[in-house]
Amino acid sequence: MLLRINLSSRKVYSDRIDEETMRLFIGGRGLAAKILWDEVKDVDPLSPDNKLVVAAGPFNGLRTPSGGKLVIAAKSPLTGGYGDGNIGTTVSVHLRKAGYMALVVEGASDKPVYIYIENDNVSILSAEGLWGLDTFETEKRLKQIHGDNIGVLSIGPAGENLVRFAVVISQQGRAGGRPGMGAVMGSKKLKAIVVKGTKEIPVADKIAFDKYTREVYQLIPKLSGYDFWMRQGTMATIEWANKNKALPVRNFLQSKFEYSRTVDGYAMEAMKVAKRGCPNCNMVCGNIVLDKEGKESELDYENVGMLGPNIGMPFLNNVAVINRLADQYGMDTISLGVVLGFAMEATEKGYIKDGPKFGEYEKTVDLITRIAYRKDELASLLADGVKAAAEKLSLHDLAMHVKGLEVSAYNCYMYPAMALAYGTSCIGAHHKEAWVIAWEIGTSPLEESSQVKYEINYSPEKAVKVVQQQRIRGGLFELLTACRLPWVELGLDLEWYVKIFNSITGWNYTLEDFYNVADRVYSLIRCYWVREYGGSWDRKMDYPPERWFTLDVEGVKLDKSEYDKLLTEYYKLRGWNERGIPTRETLESLKLSFVLPEMAKYI
Ligand code: PTT
Ligand code: SF4
């Protein structure tokens with residue numbers, strides 16, 4: 001079922017999602033993209049006409065391996081295109097148990113509200129007493145009101161103040177919706193969504209489901225890499241990225257950090273006090289440390305990479321404070337790290353007065369609070385994201401983004417496959433769609449001691465690899481919706497997901513079927529971008545930040561004409577034309593003919 005709540009009219013109604021739609025789009029990102037294509041066209045993302053889609057998938061609510069995720073999507077106020085994020089949260093469990101696959105929030109309230117869903121009962125309640133609170137306190141208060149057995153998605157002051165990279169937070173440290181999904185909630189005066197579900201979720205073949213899930217839960221702790229994963233989780237990547245000159249350092253001006261040892265996975269282990277994670281996961285990776293103020297902060301690679309090396313911050317307990325503030329205010333750590341790095345470089349070069357310089361901790365903490373509340377001109381400029389800030393200050397060369405979404409923590413001067421992954425990610429620069437850099441480094445390792453200049457490899461195979469990963473990471477896992485890390489980090493065979501999916505639905509899908517759905521969803525999302533950008537859409541939208549082509553770091557930089565060839569290769573694989581727009585044949589073969597009336601003028 002699909003639950004619709006209109007905050008303007010206060011009408012609540014539910015619709016059945018027909019089987020054809022489920023078969024074509026499966027769930028999660030697939031459903032979200034279809035709803036946004038059908039219903040959110042040419043609107044201001046922060047107006048009541050935008051819609052917030054909270055979409056579960058077939059894996060959610062059931063005891064499936066690391067299947068406690070949820071997709072949150074809307075037209076992005078940061079990029080103006082399709083935006084979504086994936087959050088681990090008990091809301092995924094409760095939403096399915098309340099009987100819904102997805103929730104669509106429409107309109108806007110004129111006063112702060114929160115939505116309370118308990119099975120078939122849906123209320124829109126006053127959030128006057130919650131508005132202004134941070135996300136940790138909001139969830140705590142809501143649990144005092146409704147009991148502990150609920151799922152909560154909430155926004156903090158950043159979402160309320162329409163910071164364009166505000167995220168949605170759950171469980172004090174799970175975050176989702178990098179392209180401003182928190183600001184979309186704020187624009188609707190929606191402080192939180194609270195869900196309690198107690199119904200049974202139907203499973204087509206219960207015997208097969210129980211067998212496969214029992215086996216896979218037993219298998220995961222036996223997989224190679226499990227013990228180290230349980231120690232460091234994603235934090236192990238700091239050391240690896242530094243060694244391979246892929247770390248973002250000082251607004252991506254450098255790719256090796258002289259203090260990497262004081263912010264890496266081992267430094268984190270020395271500070272760790274607890275672990276937290278998403279529902280139904282038996283390889284939990286949320287590492288909790290005590291920060292400089294003695295408060296709990298959950299560290300992941302991206303958070304530390306962007307709020308440590310990228311802003312020249314050498315001590316992990318300071319980084320942990322900044323990271324906790326981002327969670328409490330409800331803003332994306334990656335985008336925050338990029339806008340701070342931008343402001344610091346601009347300050348050091350004299351373009352901004354009184355901003356913090358790299359590594360200046362107190363001034364940085366002060367600026368973060370000012371951004372969350374849009375307290376002054378500089379803070380408000382940065383709250384609009386790095387693209388808008390760079391446009392206002394004419395500092396394009398300092399701005400690390402693709403399509404307006406800030407680049408996550410991989411520096412790509414020598415890694416064209418990863419640059420292509422950023423360039424073609426369907427929400428803007430995010431590594432979640434294709435993390436090809438691990439494969440890329442594995443195939444052409446750096447010889448640190450070698451005196452020979454590193455030769456960048458632009459083989460067309462790189463485009464193939466990007467598409468393959470987008471089908472799995474941006475496709476399969478975002479459709480189910482399940483955490484991809486058992487597969488990424490421990491090599492869990494993808495066939496497990498297919499078997500479990502078929503036991504839940506009673507269908508007979510293969511991995512190829514999933515890839516086909518993934519391709520459908522990618523092309524639909526691409527059509528969404530093209531439609532929203534209209535005549536101004538261009539293949540340059542798929543270029544990575546200019547800095548990677550112009551700045552020589554560690555003796556190398558990307559070559560634009562070689563990148564362009566890779567991009568053309570990518571378009572061919574996707575069945576898109578030279579401008580990066582799906583052709584009529586592609587749309588028809590992917591069963592996307594319904595977009596043709598609107599897309600015909602661009603094809
Ligand atoms: C994700 C992005 C990431 S990806 C990180 S750390 W990473 C940052 N985390 C943030 C945070 O924390 N607080 C905050 N205020 N902002 C943050 N922004 C950043 O958001 C996350 C894990 C991680 S940790 C990763 S890789 C994997 N991501 C998955 C994904 O995208 N899809 C999927 N099917 N499975 C995934 N598993 C892993 O989940 P976005 P989470 Mg996230 C504190 O939100 O918008 O998708 O951006 O969800 O529950 O926090 O788990 O080194
Ligand atoms: Fe969540 Fe980490 Fe488990 Fe994935 S591995 S489900 S991110 S706790």
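Each ligand, and each atom within it, is numbered from 1 in the order the structure gives.
- Around atom 1 (Fe) of ligand 2, the protein contributes the following N, O or S atoms at distances under 2.8 Å: C278 SG.
- Within the listing of ligand 2, atoms 5 (S) sit less than 4.0 angstrom from a heavy atom of M283.
- Looking only at atom types and distance, the side chain of Y515 has no donor-acceptor partner in the side chain of Q468 under 3.5 Å away.
- Near atom 42 (Mg) of ligand 1, less than 2.8 Å away, sit the protein N, O or S atoms N86 O, A175 O.
- For the pair A482 and ligand 1, a heavy-atom separation below 4.0 Å is found.
- Aromatic rings from F501 and F514 are positioned such that their centres are separated by under 6.0 Å.
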When you look at D84 and K75, which way does the salt bridge (charged side-chain N to carboxylate O under 4.0 Å, His left out) test go after all the steps? CA-CA 8 Å; D84 75 13; K75 179 170 175 180; over 6 Å; no
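- Residues T333 and N303 have side chains that bring a donor and an acceptor to within less than 3.5 angstrom of each other.
- Considering both main-chain and side-chain atoms, P179 never comes within under 3.5 Å of ligand 1 through any nitrogen or oxygen pair.
- The number of heavy atoms from other shown groups lying within 6.0 Å of OH (Y509) is above 12.
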Go through W529 and W37 one step at a time and tell me if the ring-ring contact (aromatic ring centres under 6.0 Å, His included) criterion holds. CA-CA 10 Å; W529 279 92; W37 171 269; over 10 Å; no
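- For an aromatic pair to be called close, the ring centres must be under 6.0 Å apart, and Y301 with Y410 satisfies this.
- In terms of polar-atom proximity, D332 is counted as a contact of ligand 1, with an N or O under 3.5 Å from an N or O of the ligand.
- Closest non-hydrogen pair, M235 versus V263, comes out as CE-O, 3.4 Å.
- Taking the six-membered ring where the residue is Trp, Y497 and F477 present perpendicular rings, their angle passing 60° and hence far from 30°.
- Defined by atom type and a distance below 3.5 Å, a donor-acceptor pair is missing between the side-chain atoms of S187 and N50.
- Considering only non-hydrogen atoms, atom 52 (O) of ligand 1 lies nearest to E302 out of R276, Q172, E478, E302.
- Salt bridge K140/E137: present, at least one basic N to carboxylate O contact under 4.0 Å.
- In terms of protein heavy-atom proximity, atom 27 (C) of ligand 1 is nearest to R484 NH2, 3.5 Å.
- Ring centroids of Y259 and F315 are separated by 6.0 Å or more, keeping the two rings apart.
- Looking at ligand 1, you won't find any N or O of C278 less than 3.5 Å from one of its N or O atoms.
- Of the candidates R473, H430, K432, the one placing a heavy atom closest to atom 1 (C) of ligand 1 is H430.
- Judged by the shortest distance from any of its heavy atoms, D327 lies inside the 4.0 Å radius around the atoms of ligand 1.
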